[in-house]
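Predicted model, so just to flag it, every value in this text is computed and none were measured. Order of listing sets the numbers, starting from 1, for every ligand and every atom in it.
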Amino acid sequence: MRVCKFFDPQSGARVGLVEGDAVYDLTALDKERFASLAAFLELPDRVGTLARLIRSGISIAPYSYHSLDRQPHEDSPHLLPPIDRQEVWAAGVTYLRSRDARVEESESGGSFYDKVYVADRPELFFKSTPHRTVGPNASVRIRGDSKWNVPEPELALVLNSRRELVGFTIGNDMSSRDIEGENPLYLPQAKVYSSSCALGPVIRLAETVDHPLEMQIRLMIRRSETVVFQGDIALNQMKRSFEDLVDFLWRDNAFPDGAFLLTGTGIVPPDDFTLQPGDGIEIAVEAVGVLKNKVEG
Ligand code: DO4
Ligand code: MG
């Protein structure tokens, strides 16, 4: 079962139910329960509520998912990032591949990455706000003062204010490796800037995924028509459990509208690779879909 956010020029931002190629405007069906993504996340029985709606027959005409899955333009309906008022956080060094890449790029040797990989306390950092986050088919950015940039394809946990795992989506933790490698204190600048985070294309409700750790993440980067990098990783290669990451995120922290937690990358392009304007980034997780973005040119 999947939900999305989409934009309609007549009615604005909507919460949608995705059923195959049909997208039903939940906000039109019930302006209170589906007023916003935040309202949906807080519903007590989301899967049951949507299942009852589907069983009773939805009387409104659906949008076609394919027609929404297009470059955002204010004159036509399109998918939005599945976020409204939530903060986006991210975990780091949760895969061996990430630990090794961080140690190699670090000008100071990076022993703190070795330490955090095995420590009880994970690396968690503030990644994005809704206004810095882009959705499907929109452009992500690379910083003007950086020369070494990569996408970080990550499974994102979608959590409500009660700390319940509502669903999964795909996150791209765009990163400036030269800035991060120069000094660990520069991490917020390497990670947090306009359009440095992409989310989407939809949220897959967690109760409808039988074996989350069997999911795979795939990354493909195209330059013109050529695939210049591809890689994949299984979620079961992650060093930490979802529960462990969420437990630390919630310590002494409240998230009144819920939160997104990117769970770290296990796919790192070779050190001589950097993104260029115009590159196409595709991140796929079968249970969720494919998040496609272009690097702003
Ligand atoms: O410590 C730097 C951040 C690492 C990260 O974002 C990741 O492993 O995904
Ligand atoms: Mg990351």
Contacts for ligand 1, heavy atom under 4.0 Å, by chain and number, are A91, G92, V93, S98, R102, Y113, E123, F125, E152, E154, D173, E180, L187, K191, G264, T265

Should we say atom [atom1] of [X] is surrounded by more than 12 heavy atoms from elsewhere, each under 6.0 Å from it?
X    : atom1 : result
R251 : CZ    : yes
F126 : CZ    : yes
E107 : CD    : yes

Can you name the N/O/S atom of [X] that is nearest the Mg ion (ligand 2)?
X    : value
D173 : OD2
E154 : OE2
E152 : OE1

Salt bridge or not for D178 and K147, using N-O below 4.0 Å? no

Residues R46 and E164 bridged, charged N to O under 4.0 Å: yes

State, yes or no, whether a side-chain contact exists between P9 and D75 at a heavy-atom distance under 4.5 Å. no

Looking at K294, R218, K292, R222, which hits salt bridge (Lys or Arg N to Asp or Glu O under 4.0 Å) with E282? R222

